Amino acid sequence: MDDESLVNAPVQKRIYAVVRQIPPGRVATYGQIAAIVGGCTARMVGYALAALPPETDVPWQRVINRQGKISPRGAGDGSLRQRLLLEAEGIAFDQAHRVDLGRFGWQGPDWAWAARHGFVPVPAPDNR
DNA sequence: CACGTGACAACTC
DNA sequence: AGAGTTGCCACGT
């Protein structure tokens with residue numbers, strides 16, 4: 001089915017698929033997405049999200065940098081919108097405009113889902 | 001805490 | 001068919 005096509009799909013498409021699996025009220029980092037997709041660097045994730053249309057179904061807003069902060073984006077207004085969207089989902093920002101990845105950090109997609117898309121083996125998401 | 005480095009893919013002309 | 005341009009990082013020292 002289309003799911004398997006994902007394996008042959010361009011990297012960006014795979015990234016979108018993973019980001020789409022992030023549940024509301026949860027945030028993931030570029031590096032995390034990159035690690036799940038595999039063979040992809042964190043920057044590639046940023047590039048992919050930057051190429052997303054304004055009406056995409058991909059929750060790009062839930063993807064933030066490793067610092068737990070929102071990327072500055074070119075204009076800067078987009079960052080504000082992203083923050084509002086996250087707050088609307090229940091994500092809390094601290095005084096430093098940072099999100100506690102330990103609380104809201106996404107633990108990764110379901111193994112069954114990942115396996116279905118050929119995202120296995122998935123690198124250990126910091127079992128901590 | 002700040003700076004510099006390392007590193008890729010997709011789109012358009 | 002090829003080349004150039006554009007684009008929301010992470011890590012170590």
Side-chain angles (χ1 to χ4, degrees):
Chain A
M1 274 295 247
D2 304 345
D3 297 357
E4 291 193 34
S5 305
L6 254 180
V7 181
N8 289 332
V11 176
Q12 288 196 195
K13 192 153 194 171
R14 291 193 289 180
I15 292 170
Y16 298 153
V18 174
V19 174
R20 221 181 257 170
Q21 295 310 298
I22 305 175
R26 222 87 189 160
V27 292
T29 65
Y30 294 98
Q32 177 99 34
I33 302 298
I36 294 168
V37 173
C40 168
T41 66
R43 200 180 267 203
M44 282 259 67
V45 178
Y47 295 163
L49 294 179
L52 277 171
E55 306 201 358
T56 181
D57 292 354
V58 180
W60 58 272
Q61 62 218 48
R62 292 175 194 146
V63 183
I64 59 182
N65 61 22
R66 188 56 186 170
Q67 299 176 338
K69 293 201 306 198
I70 297 172
S71 207
R73 285 201 104 188
D77 298 10
S79 306
L80 179 60
R81 179 157 75 190
Q82 180 170 4
R83 176 173 164 183
L84 292 176
L85 286 168
L86 291 176
E87 285 181 332
E89 291 185 358
I91 305 290
F93 287 81
D94 65 5
Q95 266 192 346
H97 298 279
R98 251 174 27 169
V99 177
D100 188 343
L101 296 176
R103 261 160 59 191
F104 301 105
W106 183 41
Q107 299 189 345
D110 280 270
W111 263 82
W113 183 92
R116 241 168 56 200
H117 289 260
F119 286 137
V120 289
V122 180
D126 303 90
N127 283 308
R128 194 144 306 282

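Reminder, nothing fancy here: chain letters follow the sequence lines and each chain counts from 1. Please read these numbers as outputs of a predicted model, since none were measured by experiment.
- Separating the OH atom of A/Tyr16 from the C1' atom of B/dA9 is a distance of 11 Å, rounded to the nearest angstrom.
- For the OP1/OP2 pair of C/dC9 and a distance below 4.0 Å, the side-chain nitrogens and oxygens of A/Thr29 include no atom meeting the criterion.
- Relative to the side chain of A/Thr41, the nucleotides C/dC9, B/dA10, B/dC8 differ in distance, and B/dC8 lies closest.
- The heavy-atom pair separating A/Ile91 from A/Arg26 by the smallest distance is CD1-N, 3.7 Å.
- Rounded to an integer number of Å, the gap from A/Arg98 CZ to B/dC1 C1' is 13 Å.
- What separates CD of A/Gln67 from P of C/dA10 is a distance of 8 Å, to the nearest Å.
- Remark: A/Arg43, A/Met44, A/Tyr47 in residues 43-50 of chain A come within less than 4.0 Å of DNA chain B through at least one heavy atom.
- One hydrophobic cluster, built from ILVMFWY side chains closer than 4.5 Å, cannot hold both A/Ile36 and A/Met44; they sit in different ones.
- Residues A/Trp106 and A/Ile64 fall into different hydrophobic clusters, defined by Ile, Leu, Val, Met, Phe, Trp and Tyr side chains chained together at heavy-atom separations under 4.5 Å.
- Atom CG of A/Asn65 and atom C1' of C/dC9 are 8 Å apart (whole Å).
- Nearest heavy atom pair, residue A/Ser79 against residue A/Ser71, reads OG-O, 2.9 Å.
- Residues A/Ile15 and A/Tyr47 fail the side-chain proximity criterion, which asks for heavy atoms closer than 4.5 Å.
- Taking A/Ala51 as the reference, A/Gln12, A/Tyr16 meet the side-chain contact (heavy atoms from CB on, under 4.5 Å) condition, with sequence neighbours excluded.
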Taking only N/O atoms, report every protein-nucleotides 1-4 of chain C pair under 3.5 Å with atom names and distance.
none

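- Clustering ILVMFWY residues whenever any of their side-chain heavy atoms sit less than 4.5 angstrom apart, transitively, puts A/Trp113 in the very cluster that holds A/Val58.
- Shortest non-hydrogen contact noted between A/Cys40 and A/Ala34 is O-CB, 3.3 Å.
- Rounding to the nearest 0.5 angstrom, the gap separating the CD atom in A/Gln67 from the CG atom in A/Leu101 is 10.5 Å.
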Which pairs, protein N/O on one side and nucleotides 11-13 of chain C N/O on the other, fall under 3.5 Å?
none

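- A/Ile33 is listed as a side-chain neighbour of A/Ile22, based on a closest heavy-atom distance under 4.5 Å.
- Side-chain N or O atoms of A/Gln82 include one that pairs as donor or acceptor with a backbone N or O of A/Val63 at under 3.5 Å.
- Here the separation of C/dG7 from B/dA7, taken at their C1' atoms, is 14 Å to the nearest Å.
- A distance of 4.0 Å separates CD1 of A/Ile70 from CZ of A/Phe93, quoted to the nearest 0.5 Å.
- Annotation: proximity of residues 51-63 of chain A to DNA chain B (heavy atom, distance under 4.0 Å) is found for no residue.
- Annotation: salt bridge (charged side-chain N to carboxylate O under 4.0 Å, His left out) contacts involving residues 87-98 of chain A, sequence neighbours excluded, comprise A/Arg62-A/Glu89, A/Arg83-A/Glu87.
- If you take CG of A/Leu101 and P of C/dA10, they are 10 Å apart, rounded to a whole angstrom.
- The CD1 atom of A/Ile36 sits 13 Å away from the P atom of C/dA10 (whole-angstrom rounding).
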Evaluation steps, side-chain contact (heavy atoms from CB on, under 4.5 Å), between A/Arg14 and A/Val11: CA-CA 5 Å; A/Arg14 291 193 289 180; A/Val11 176; 3.7 Å; yes

